[in-house]
Structures are given as structure tokens and as C-alpha cells.
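None of these values were measured; they are calculated from a predicted model.
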Amino acid sequence: MDAQAIFEKLKGKFGAAVVELQSGSFNPNFVVVDPRSIREICRFLKEDPELRFGSVMCISGVDYKDRFAVAYHLNSMELGHSIGIKAHLPHDNPSIPSVDPVWKAAIYQERETYDLVGIVFEGSCDPNRILLPDDWEGHPLRKDYQYPEHYHGIKI
């Protein structure tokens with residue numbers, strides 16, 4: 001199924017929670033959705049017999065300075081198609097429901113996104129850092145991040 005057909009199927013099921021299709025130079029094409037509906041949209045993408053997106057290949061965070069985005073790269077090995085799902089979040093409260101109840105592999109990808117960008121995944125079964133120490137301050141991939149000169153007295 002191509003991106004336009006996936007977008008139309010999602011739009012028909014979820015209405016205004018499906019905002020737009022970003023196609024053209026994007027690979028994969030992205031469907032932008034309302035972050036409040038991310039978990040139910042992802043569950044539908046996984047369970048619908050015509051879609052069967054059984055794998056979340058990558059979850060990443062993007063800092064656009066005025067807002068954040070979470071991008072999900074999904075793949076259906078059974079049906080041989082892929083799509084991206086994107087949700088925009090406000091810069092002052094970047095949080096979104098976790099999709100780890102849908103795909104268990106999301107646990108580690110959400111932890112990495114939290115660690116590096118600071119996006120909070122509500123209801124995550126393991127909301128801890130994964131790459132940096134628990135007492136590390138800040139999130140290094142944010143555009144406003146100030147790298148520390150020292151950590152526990154050690155020059156970085």
C-alpha cells in the first residue's frame with residue numbers, strides 16, 4: 001500500500017487527528033498526526049489486516065527550536081510497505097504517550113529519544129536514561145544544550 005492510500009485510510013478512521021501527508025522529498029513519506037492520538041493510531045497501524053506494521057524500525061526526536069517532533073519509522077515485513085508517522089510537540093512541554101504497549105522494541109528507542117532530546121513518553125514501562133548516566137544534566141541533542149566542561153571533576 002502506498003503512502004497516499006495509508007494516509008487516506010488513517011484519515012477515514014481518525015479524522016482530524018490525522019493532519020497531513022508529507023510526501024515528495026521525504027523517504028519514507030510521513031503522516032503527521034495529533035500527538036494525543038499516537039497510541040491508538042499506532043495500534044491501528046499494527047493490527048489492521050491491510051496495514052500490519054509489525055515493526056517500529058526507529059523512533060527519533062527532532063528539535064526545531066520552536067517545537068519538537070517525534071518521528072516513527074514503521075515497516076510491514078509481511079506486506080512489504082513502510083511509512084513514517086510524525087507528531088509535533090510544544091517546546092515547553094514535549095511529552096507524548098508511549099507506544100511501548102504496541103511494539104516492545106519502542107522501549108529502547110523511546111529511552112534514547114528521552115536521553116538525547118528530552119521528550120517524555122507518558123506511561124512508558126521504563127522511562128530511564130539509556131545512554132547517559134542517571135545524574136547527567138540536560139539532553140545533548142537539544143539546540144540550546146550547553147555542554148558541561150566537567151563531569152564529577154573529570155574534564156570532558
Side-chain angles (χ1 to χ4, degrees), residues 1-48 51-77 81-132 134 136-147:
M1 186 178 286
D2 69 13
Q4 184 67 42
I6 294 167
F7 171 75
E8 289 172 12
K9 188 171 182 78
L10 290 174
K11 191 76 176 167
K13 175 76 176 171
F14 296 99
V18 177
V19 178
E20 68 174 312
L21 174 63
Q22 295 179 334
S23 59
S25 62
F26 295 96
N27 186 14
N29 293 269
F30 277 90
V31 176
V32 179
V33 303
D34 184 323
R36 295 171 293 190
S37 300
I38 191 69
R39 190 177 295 159
E40 63 184 315
I41 289 171
C42 286
R43 189 174 310 281
F44 179 76
L45 287 163
K46 181 180 179 185
E47 295 176 355
D48 183 83
L51 299 173
R52 289 190 253 166
F53 284 102
S55 302
V56 57
M57 307 302 286
C58 178
I59 298 174
S60 55
V62 181
D63 183 351
Y64 291 111
K65 282 191 172 180
D66 65 331
R67 62 193 161 129
F68 289 99
V70 179
Y72 304 81
H73 293 245
L74 308 180
N75 186 279
S76 173
M77 289 183 224
H81 57 211
S82 61
I83 193 76
I85 302 294
K86 188 183 294 181
H88 294 283
L89 307 171
H91 207 268
D92 63 343
N93 183 23
S95 67
I96 187 166
S98 171
V99 295
D100 70 26
V102 180
W103 299 285
K104 287 298 177 197
I107 295 168
Y108 302 104
Q109 298 170 50
E110 289 177 348
R111 289 176 64 190
E112 183 178 309
T113 302
Y114 167 73
D115 213 0
L116 298 176
V117 187
I119 294 170
V120 174
F121 292 89
E122 302 160 13
S124 170
C125 67
D126 189 356
N128 301 303
R129 287 186 178 268
I130 191 169
L131 300 172
L132 296 166
D134 290 339
W136 191 267
E137 292 185 22
H139 307 281
L141 293 185
R142 283 190 174 194
K143 295 199 185 232
D144 61 353
Y145 183 72
Q146 299 293 315
Y147 286 89

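Of all heavy-atom pairs between Leu131 and Glu112, the closest is CD1-CG, 3.6 Å. Counting all heavy atoms, side chain and backbone alike, Ile96 lies closest to Ala87 at CD1-CB, 3.7 Å. Scanning both residues, Trp136 and Tyr145, for their nearest heavy atoms gives NE1-OH, 2.8 Å. Contact detail for Gly123 and Asp100: the closest heavy-atom pair is O-OD1, 4.4 Å.
Under the 3.5 Å distance criterion, the side-chain polar atoms of Glu20 are left unmatched by any main-chain donor or acceptor of Val32. A donor-acceptor distance shorter than 3.5 angstrom exists from the side chain of Glu110 to the backbone of Val99, with no hydrogens or angles considered. At distances below 3.5 Å, not a single donor-acceptor pair connects side-chain atoms of Ser95 with backbone N or O atoms of Val120.
Using a 4.5 Å cut-off on side-chain heavy atoms (C-beta onward), Asn29 and Phe7 make no contact. No side-chain heavy atom of Met57 sits less than 4.5 Å from a side-chain heavy atom of Pro28. Counting heavy atoms from C-beta on, the side chains of Tyr147 and Pro140 come closer than 4.5 Å. Between Asp63 and Leu141, every side-chain heavy-atom pair lies at or beyond the 4.5 Å cut-off.
Side-chain rings of Phe53 and His73 stay apart, their centers remaining 6.0 Å or farther from each other.
Residues forming a side-chain contact (heavy atoms from CB on, under 4.5 Å) with Pro101 (at least two apart in sequence, or on another chain): Arg39, Arg43, Ser98.
Ion pairing between Arg36 and Asp34 holds under the 4.0 Å rule for side-chain N and carboxylate O. Lys9 has a carboxylate O that lies under 4.0 Å from a charged side-chain N of Asp48, or vice versa, which qualifies the two as a salt bridge. Salt bridge status for Asp115 with Arg129: present, with a side-chain N to carboxylate O gap under 4.0 Å.
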Worked check of ring pair (Phe, Tyr, Trp, His ring centres under 6.0 Å) between Phe68 and His88: CA-CA 6 Å; Phe68 289 99; His88 294 283; over 10 Å; no
